[in-house]
Structures are given as C-alpha cells and as structure tokens.
Amino acid sequence: MKQGSGTVSGLIGIAIFSGSLPATRLAEAGFPPLFLTAARAVIAALLGLALLLALRQPRPGRDAVIPLFSVALGVVVGYPLLSACALQHIDAVRSAMWTGLLPLSTALFAVLRKGERPSLAFWLLSLAGAGAVTGYALTQTHGGSLLGDGLMFAAVLVCGLGYAEGAALSRSLGGWQVISWALLLALVPMGILALCTHPRAWGEIPHSAWGALAYVALFSMMLGFVFWYHGLAQGGIARIGQLQLLQPFGGLALSALILGERIPPLLVGVSLIVLGCVFGARRTA
C-alpha cells in the first residue's frame, strides 16, 4: 500500500519537475541566472512560511538542522543555480537528458547517508541507464558544450544529496514541511542575492518570463517537492528515485513543444534505453 502511494506521489512530482528546465530556459529571456535562482527561492520560501505559520507547525529538532541545510544546499540553491548557468551554454533538450542521472545520484546518497542497500541488479541497471546518458553526452556535440555539460553534472550530483536527505526527513517532518523549512534557511541569503542581481529594466521583461518564474517558484520549488518527498518516504529512496529516469521524456517533450527545440533521433533512442532501465531497476531495488 505504501509503495503504491509512493509511486503515485513520485510520478506526480516527476511530472511537475519535467517542466523545470524548459521553464528555466524561458525565464532566462528576462532574468539573469543568479536573480532567477534567488527569486524562485524567495517566493517559495514566503509561501512555505505562510503555510508553517497558518498550520502552526513545530520547529524541527536540532538533529534535523544539518540535513535541512543539505536539502537547502542541494535543491534550493545548488541545482537551480547550476542548471540555470548550464542553460546559458546548452539547450534545454540536452539538459533534460542529464536528469537521467538523478536516480543514480539519489541512490548513491541514499546508501552513503541513509544506509539503504539496493541489490546488485539494481546497481547494474542504474549504471546502464547512467552510462547511456553519459555516453551520449560525450559523443554528441549537438546543442552542447563541455562547460554546460559539467554544470549539469554538478547540478545532478547536489540534487541527489538534497533528494536523499529530504526524503529521510519527510518520514518524521512531512514532505511540504521539509521543503518549507529548507527554503526558510535559505531565505535571507537568497533575498540579499535577489536584491543585488535584480534586472534593471523591469518593463522589458516578457510576460512569458514572468510566467516561467511563477512556475519554477510555485511548482518546481514547492508543490513538486510535496509529492516527491512523500513518494520517496513511502516507497523507498532508491526504488522511487528510479522514477526520475522518466523525467528526461517530459523535459524533451516540453522543450520541443514550448521552446521549439529539435530532438535528435539518437537522443530518443537513448531515452528509450533509459526507460527500460528504470522499470528493471524498480523491480530489483
């Protein structure tokens, strides 16, 4: 029952996250990466603060402070900033492909930090999926650059840390409470960063950029994590984390639909290989 509930919640979270990279690319038409990272965190933090106060949530214990800082570092600051910078050098289609490495990153931190022990078959299938993504990135230059690919790899690494830490905390604090407290920890520095990097000509920012900012702040930064952390906590970090291998498909489709970017046929083939790995890994976790 818990695994079924975790799978449904995880799939909803992935559907929301699939729009993050295309929306970030769209928002960068009006906002610089540093401001975009800070603004999305500040907006989401204010929403989280309102929820915590309205529902009178108790403060987390001292033992939760360091994990919450890890969540803030990984998913509030690290991934949004690194992926936004990466999108200055690579297109959204290529960046979406890199999200196929998120399950392996999440599983690694689940083992290192939380003591989960997936099976050997799980690791082999996870590595196969990750190898397909990495091999494509190393051999195909369309829409890519070494710097952009490196930034996306770093983004995936820190995001896995945030996912694993947040999922473990969700078992005691709750999903939306975890992301709300993590956002609050980052509110002051992100607020200062937003003030220092805000655009000079507000009137020239297109409506599409404003809409994209609203999406990454309210959906990618808050609502998606409510479902995602609940799914990880209910179904297991390593097992549910494999659903992230589906995220590139959503990212590819939205990048083509919204941004008009071309999807290379080989990339579709790589994504299908990854899809096969996700189902196999989930069965063997």
Side-chain angles (χ1 to χ4, degrees), residues 1-17 40-41 43-80 102-118 122 156-190 217-244 282 285:
M1 186 67 178
K2 279 189 175 183
Q3 286 190 349
S5 173
T7 299
V8 172
S9 293
L11 286 171
I12 295 173
I14 289 302
I16 293 172
F17 291 149
R40 66 188 282 181
I43 295 169
L46 293 176
L47 175 59
L49 176 61
L51 289 172
L52 291 170
L53 292 176
L55 299 177
R56 299 181 179 180
Q57 295 297 301
R59 292 182 180 181
R62 291 184 178 180
D63 58 338
V65 173
I66 293 179
L68 281 172
F69 268 112
S70 297
V71 174
L73 175 65
V75 302
V76 176
V77 180
Y79 182 81
L102 274 170
L104 181 58
S105 176
T106 304
L108 282 172
F109 283 109
V111 170
L112 294 173
R113 299 283 295 160
K114 304 304 168 187
E116 291 198 7
R117 292 292 182 268
F122 169 90
V156 165
L157 196 62
V158 297
C159 191
L161 170 64
Y163 280 170
E165 294 285 359
L169 280 176
S170 294
R171 293 168 182 160
S172 56
L173 295 180
W176 72 266
Q177 292 93 332
V178 168
I179 191 60
S180 295
W181 287 115
L183 284 163
L184 281 181
L185 287 177
L187 178 57
V188 172
M190 289 295 98
L218 301 178
F219 287 85
S220 302
M221 198 84 268
M222 173 58 77
L223 187 60
F225 281 103
V226 175
F227 289 102
W228 183 239
Y229 280 150
H230 178 266
L232 291 174
Q234 292 294 311
I237 299 173
R239 182 177 183 273
I240 298 300
Q242 291 304 301
L243 293 175
Q244 293 167 112
R282 288 188 70 247

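Computed from a prediction, not measured in an experiment: that's the story for all the values here.
Across all their heavy atoms, Tyr79 and Cys159 have their closest contact at CD1-CB, 3.7 Å. Smallest separation of non-hydrogen atoms from Met222 and Leu47: CG-CD2, 3.9 Å. Nearest heavy-atom pair, Ile240 versus Gly231, reported as atom, atom and distance to 0.1 Å: CG1-O, 3.4 Å. Between Ser9 and His230, the shortest heavy-atom contact is OG-ND1, 2.9 Å. In terms of heavy-atom proximity, Gly6 sits nearest to Gln234 at CA-CB, 3.8 Å. Of all heavy-atom pairs between Ile14 and Leu243, the closest is CG1-O, 3.9 Å.
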Side-chain donor-acceptor contacts of residues 175-186 below 3.5 Å, not counting sequence neighbours, with atom names and distances?
unit_1	atom_1	unit_2	atom_2	d
Gln177	NE2	Gln57	OE1	3.2
Gln177	NE2	Leu173	O	3.3
Ser180	OG	Trp176	O	2.7

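With sequence neighbours excluded, the residues forming a side-chain hydrogen bond (donor to acceptor under 3.5 Å, both in side chains) with Ser220 are Ser20, listed by chain and number. Scanning for ring-ring contact (aromatic ring centres under 6.0 Å, His included) contacts around Phe227 gives an empty result, with sequence neighbours left out. For Thr106, the side-chain hydrogen bond (donor to acceptor under 3.5 Å, both in side chains) partners two or more places apart in sequence, or in a different chain, are Gln244.
In this structure, OH in Tyr229 is found 8.5 Å from CG in Leu169, a value given to the nearest 0.5 Å. Interatomic distance, Phe109 CZ to Leu104 CG, rounded to the nearest 0.5 Å: 10.5 Å. Considering CD1 of Ile43 and CG of Leu187, their distance stands at 11.5 Å, rounded to 0.5 Å. To the nearest 0.5 Å, atoms CZ (Phe225) and CG (Leu232) are separated by 10.0 Å.
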### Query
Can you check side chain to side chain contact (heavy atoms under 4.5 Å, CB included) on Phe69 and Val65, steps first, answer last?
CA-CA 6 Å; Phe69 268 112; Val65 173; 3.6 Å; yes
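Identified under the side chain to side chain donor-acceptor pair (under 3.5 Å) test for residues 61-75, with sequence neighbours left out: none.
Within a 6.0 Å radius of CD1 in Ile66, no more than 12 heavy atoms belonging to other residues, nucleotides or ligands are found.
Between Tyr163 and Phe17, the angle of the ring planes stays under 30°, which puts this pair in the parallel group of the 30/60° scheme.
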